[in-house]
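The structure presented is a predicted model; accordingly, all values stated were derived computationally and were not measured. Worth knowing before you read on, the calculation uses all heavy atoms, side chains too, and leaves out hydrogens, waters and symmetry mates. Reminder, nothing fancy here: chain letters follow the sequence lines and each chain counts from 1.
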Amino acid sequence: MLEVSIIRNQKDRVVEGFQKRNLNDAAIAELDNIIALDDERKSVQTSLDSILAEGNALSKEIGELFKSGKQAEAAELKEKVASLKETTKELENRHKEIKDQIEEKLLSLPNVPHTSVPKGKTPEENEVFKAWDKEIPQLHANALAHWDLAEKYDLFSLPLGVQLTGSGFPVYKGKGAKLQRALISFFLDEATNAGFQEIIPPLLVNRHSARGTGQLPDKEGQMYYCEKDDLYLIPTAEVPVTNLYRDALVSVDELPIKMTAYTPCFRREAGSYGADVKGLNRVHQFDKVEVVVIEHPEKSYDTLMTMVDHVEGLLKKLELPYRILRLCGGDMGFNSALTFDFEVFSMAQKKWLEVSSVSNFESFQANRMVLRFKDTDGKNKLAHTLNGSALALARIVASLLENNQTEDGIVIPEVLRRYTGFEKI
RNA sequence: GGAAGAAUGGCAGAGUUGGUUUAUUGCACCGGUCUUGAAAACCGGCGUACCUGAAAGGGUACCUGGGGUUCGAAUCCCUAUUCUUCCGCCA
């Protein structure tokens, strides 16, 4: 959620940013509506405050009159105060109404893209921030896609998931399951070594949490929901982990707060069917290790780059061909100010698969969550929040299986062998 | 699931016969004295948000959320949520 002060004081930047997101004029006009409402809010509050001040002063007098036994005069004042009540009520209602309207409008506005975000509408217009500069190796002639490899080596089964749950819920078996566990341990160890504190959060969250990180109201349809208890299954560990600091006031020297968590992620992926969803490319439940950082506003972009480096390091160690994209305004998420996507090339499918998304949300989430820090000047300020996948498992597994297949088995990358206990599938 | 109790400013913790408590006090924090330096001690400052003002300052709201009684509520009533304890169930 944007701050009204940003809309007021940096309107040109906001408008420019919204144009990058290809928002229509109506959305941009909302900015003026918000400012107008805020002006009204101020004037209503001024009137309301002075009436309340008058009432408070009179009530105090009444108290003193009672004490000194002047009942008649007190009764007279009582009537006077009572006459203020109606106006007070009216102003209070109007004040609340305006505040709600402003909030509703603010919630519908996306974050302002960072200046470095390129213009563009579709994923094709994303900027290649770092290309894969080596040759992509060729697979042998009988190379298979990961869903065929899964069958050949009995690594995971989607039909069994259908039997248990429905489509998009893979069941991992044998070495396939071990590989999952190995990757999770590897990613967590790498994050811990990089200074992230490991967290094991709940997998269900309440609506306050879902709202805090921006899943509500924008992405309600994407989450699984338990109606009876009014709880949501997390679509990413970002939600519970970032919300650990909802309504928090931290000291400036606690920053940066660096956390990591492994969780399964649940996404309804409503409306997405077709070729992209084959195998593990898009599933309803997948495992992911997430990194979350709460940072000082002046340092958040440096921190974003260290997170990008961290994720890049993981892909290098896994020896996968990857590239880094800087998302264009049209492809960037609602909450983000700047996002880098990581894609791994799948040699069997001959296409890039998104395996990580690293973003700076600036104060957008912090404003919703009221996540503040006490700065060195003693003032409370909104912190910046950042997060990234480090990494998402399902597609990493898909590309590992495909890219590492040989005529006589699938080779496990060196760094994973101490976790898997085997070198080859 | 049943019963009882509780929810106060960054933390701890007073205050519940309604009106100089719009919040005692301690810790933490900031400034100062002392000291070679630090600690201790002592002195002073210190909640949050919003409105107003060039500033100094002034005002309003906030004692878990929502509603009510009253001229006036942290304090009384209703309601929701959460926590604690006991009982029941259970890994």
Side-chain angles (χ1 to χ4, degrees), chain A residues 1-9 34-107 200-212 216 226-232 240 243-255 257 294 296 363 366-383:
Chain A
M1 188 164 76
L2 291 176
E3 298 164 72
V4 178
S5 62
I6 288 181
I7 295 174
R8 269 184 188 280
N9 303 329
I34 289 171
I35 293 173
L37 277 170
D38 196 50
D39 286 337
E40 194 188 345
R41 188 200 105 243
K42 286 183 181 186
S43 85
V44 169
Q45 185 172 337
T46 306
S47 323
L48 177 60
D49 282 358
S50 67
I51 288 189
L52 286 172
E54 198 181 329
N56 285 345
L58 289 173
S59 291
K60 204 171 220 172
E61 261 184 71
I62 292 171
E64 279 159 19
L65 288 173
F66 267 121
K67 261 185 203 160
S68 53
K70 298 175 182 166
Q71 312 290 347
E73 289 175 47
E76 208 172 297
L77 282 185
K78 269 194 195 180
E79 269 178 51
K80 210 168 166 187
V81 176
S83 72
L84 293 175
K85 260 209 155 166
E86 203 172 321
T87 329
T88 307
K89 201 79 196 162
E90 261 171 46
L91 288 171
E92 269 176 352
N93 289 340
R94 182 63 191 147
H95 194 248
K96 189 174 186 312
E97 198 177 289
I98 296 170
K99 272 178 74 174
D100 290 347
Q101 274 180 33
I102 292 175
E103 171 139 336
E104 193 191 321
K105 286 183 190 295
L106 285 176
L107 280 173
I200 300 182
L203 306 181
L204 285 89
V205 293
N206 58 33
R207 55 177 59 248
H208 298 290
S209 298
R211 202 188 108 105
L216 287 180
C226 306
E227 194 173 358
K228 204 164 185 180
D229 297 292
D230 195 24
L231 295 172
Y232 295 86
N243 273 283
L244 289 172
Y245 286 87
R246 174 151 47 86
D247 290 318
L249 178 62
V250 302
S251 148
V252 67
D253 41 56
E254 287 175 62
L255 301 177
I257 296 167
I294 295 165
H296 193 287
S363 63
N367 191 31
R368 285 189 177 204
M369 280 193 285
V370 199
L371 193 186
R372 295 170 305 169
F373 66 99
K374 196 173 273 297
D375 208 350
T376 40
D377 59 10
K379 293 240 163 45
N380 297 337
K381 298 175 185 167
L382 291 174

Next on the checklist: Measuring from the side chain of A:Thr46 (C-beta onward, heavy atoms only), which nucleotide among B:G10, B:C51, B:G59 has the closest atom?
Outcome noted: B:C51

Starting from [atom2] on [N], measure out to [atom1] on [X] and report it in whole angstrom.
| X | N | atom1 | atom2 | answer |
| --- | --- | --- | --- | --- |
| A:Glu92 | B:C62 | CD | C1' | 13 Å |
| A:Gln45 | B:A61 | CD | C1' | 8 Å |
| A:Leu231 | B:U81 | CG | P | 13 Å |
| A:Asp39 | B:C50 | CG | P | 16 Å |
| A:Glu3 | B:C50 | CD | C1' | 14 Å |
| A:Arg372 | B:C50 | CZ | C1' | 13 Å |
| A:Asn380 | B:G9 | CG | P | 15 Å |
| A:Leu58 | B:G19 | CG | C1' | 14 Å |

Between [Y] and [X], is there a salt bridge with N-O shorter than 4.0 Å?
| X | Y | result |
| --- | --- | --- |
| A:Asp253 | A:Lys374 | no |
| A:Lys99 | A:Glu92 | no |
| A:Lys89 | A:Glu86 | no |
| A:Glu3 | A:Arg8 | no |

Applying a 3.5 Å limit to both distances, which nucleotide forms a Watson-Crick or G-U wobble pair with [N]?
| N | answer |
| --- | --- |
| B:C11 | B:G26 |
| B:G88 | none |
| B:C62 | B:G47 |
| B:A41 | B:U33 |
| B:U17 | none |
| B:G5 | B:C83 |

Span that lies between the [atom1] atom of [M] and that of [N], in whole angstrom:
| N | M | atom1 | answer |
| --- | --- | --- | --- |
| B:A28 | B:A41 | P | 9 Å |
| B:C90 | B:A12 | P | 36 Å |
| B:U64 | B:G5 | C1' | 16 Å |
| B:A74 | B:U24 | P | 14 Å |
| B:G58 | B:A6 | C1' | 38 Å |
| B:G18 | B:C76 | C1' | 8 Å |
| B:U35 | B:C27 | P | 24 Å |
| B:G66 | B:G47 | P | 23 Å |

Checklist entry - Of A:Leu249 and A:Ser50, whose closest RNA chain B nucleotide lies nearer the 5' terminus? => result A:Leu249

Checklist outcome for this item: Walking RNA chain B from its 5' end, the first of A:Lys85 and A:Lys42 to be reached, judged by nearest nucleotide, is A:Lys42

Checklist entry - With sugar-phosphate meaning primed atoms plus P, OP1 and OP2, does A:Lys374 contact a base, only sugar-phosphate, or nothing at under 4.0 Å between heavy atoms? => result sugar-phosphate

Checklist entry - With a 4.0 Å cut-off on heavy atoms, is A:Leu52 in touch with a base, just the backbone sugar-phosphate, or nothing at all? => result sugar-phosphate

Looking at [N], I'd like to know if its phosphate oxygens (OP1 or OP2) sit under 4.0 Å from a side-chain N or O belonging to [X].
| X | N | answer |
| --- | --- | --- |
| A:Arg41 | B:C51 | yes |
| A:Asn56 | B:G72 | no |
| A:Lys89 | B:G67 | no |
| A:Lys99 | B:C50 | no |

Checklist entry - Is the shortest heavy-atom distance from the side chain of A:Asp375 to the side chain of A:His296 under 4.5 Å? => result yes

Checklist outcome for this item: OG1 of A:Thr87 to CD of A:Glu54, rounded to nearest 0.5 Å, is 9.5 Å

Checklist entry - Is A:Ile200 atom CD1 crowded by more than 12 heavy atoms from other residues, nucleotides or ligands, each under 6.0 Å away? => result no

